[in-house]
Engineer: 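Quick one: the structure is below, and I'll ask about it shortly.
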Amino acid sequence: MARNVGTLTRADLAETINRKMGFSRAESLGLVESILAHMCSAMKDGENVKISGFGSFVLRDKKERVGRNPKTGVEVPITPRRVMTFRASQILKDRIAKG
């Protein structure tokens, strides 16, 4: 499988599904798109997404706070917002550590 160095793409995932599961390229890409759309929809609705053995996409609501411009030191209000973080599972951390 030809991949961009250091980047796994939707096309790479679809290609793997195509090779391992025998679905057509269009079906494989559709499956990847469907999974990603379902994940995005869940997060948009405020749900966290947990993929066992891989990790969790966790949403956090941050309150308004005062920040500081690092160049000038001027205080600036930072508006409240929702952020997403990824927490890798212990299984994924162990796999990465082993190389």
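Below, all heavy atoms of this structure are taken into account, side chains as well, without hydrogens, waters or symmetry copies.
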Engineer: So if you build clusters from Ile, Leu, Val, Met, Phe, Trp, Tyr with side-chain heavy-atom gaps below 4.5 Å, do L13 and M21 land together?
Structural biologist: yes
Engineer: Give, for atom CG of N18 and atom OG of S28, the distance between the pair rounded to the nearest 0.5 Å.
Structural biologist: 4.5 Å
Engineer: Give the intermediate values and the outcome of side-chain contact (heavy atoms from CB on, under 4.5 Å) for residues I51 and M39.
Structural biologist: CA-CA 10 Å; I51 302 172; M39 290 172 62; 4.1 Å; yes
Engineer: Under a 4.5 Å side-chain heavy-atom rule over Ile, Leu, Val, Met, Phe, Trp and Tyr, are L36 and L29 clustered together?
Structural biologist: no
Engineer: Can you tell me how far CZ of R81 sits from CG of D61, rounded to the nearest 0.5 angstrom?
Structural biologist: 11.0 Å
Engineer: Just verifying a value: how many Å separate K50 NZ and R87 CZ, rounded to the nearest 0.5 Å?
Structural biologist: 11.0 Å
Engineer: Does the side chain of D12 reach to within under 4.5 Å of the side chain of E15, using non-hydrogen atoms?
Structural biologist: no
Engineer: Output the distance between atom SG (C40) and atom CD (E33), rounded to the nearest 0.5 Å.
Structural biologist: 9.5 Å
Engineer: How many angstroms lie between NE2 in H38 and CE in M43, if you round to the nearest 0.5 Å?
Structural biologist: 10.5 Å
Engineer: Given side chains that start at C-beta, do those of T79 and E64 come closer than 4.5 Å, heavy atoms only?
Structural biologist: no
Engineer: Which atom pair, heavy atoms only, marks the closest approach of L59 to M84?
Structural biologist: CD2-CB, 4.0 Å
Engineer: Can you tell me how far OG1 of T85 sits from CG of N48, rounded to the nearest 0.5 angstrom?
Structural biologist: 8.0 Å
Engineer: Decide whether I96 and L8 are clustered together by the hydrophobic rule: side chain heavy atoms of Ile, Leu, Val, Met, Phe, Trp, Tyr closer than 4.5 Å, transitively.
Structural biologist: yes
